[in-house]
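Numbering of residues begins at 1 and proceeds along the displayed sequence. Treat the numbers as computed from the prediction; the structure is a model and nothing was measured.
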Amino acid sequence: MKTVHFPNSASLAPTFTTPRPEGHLVLIGLGSHSDHVFGYVLIDSGADYVVLSEHSGLGAGIALPPKPTTTLSGVGGSVPAALMRGIDLEFQGFHLKADVMFDYSNTVDRYSAGRESWR
């Protein structure tokens, strides 16, 4: 069994006795585009995709479709989105490729813990 340690889990917790899994996430920029650093995000082990804003994807130089291609639905409602496969990310210092759902509503710069998710 693998064990994952989240050394900064107390910063999102309502109290220090309730640790929550969080980690540092970076969206890797393409070409001359800058990386988009999100800082610490809450890991949602039940999420199907990483969910990031359209603005962060465009800023990192990712060629997103001009219009959303799907709808992302959840407890709080639904938003227009597009799924992009094989996006370069850095999570807690480790490089990986993941499928990312880009949220076209762009209603917030940084998502709440339930929206920015990792699986």
Over all heavy atoms of both residues, which pair between Glu22 and Gln92 is shortest? Give the atoms and the distance, please. O-OE1, 3.3 Å
Flag the pair [X] / [Y] as yes when at least one side-chain heavy-atom distance between them is below 4.5 Å, and no otherwise.
X      : Y      : value
Ile28  : Leu89  : no
Thr70  : Met101 : yes
Phe102 : Pro65  : no
Val100 : Leu83  : no
Phe91  : Leu96  : yes
Met84  : Asp99  : no
Leu64  : Glu54  : yes
Ile87  : Ile62  : yes

Counting only N and O atoms by type, is there a donor-acceptor contact under 3.5 Å from the side chain of Asp35 to the main-chain atoms of Val37? no
Distance, nearest 0.5 Å, that separates [atom1] of [X] from [atom2] of [Y]:
X      : Y     : atom1 : atom2 : value
Leu27  : Ser34 : CG    : OG    : 11.0 Å
His55  : His36 : NE2   : NE2   : 11.0 Å
Tyr104 : Leu72 : OH    : CG    : 12.5 Å

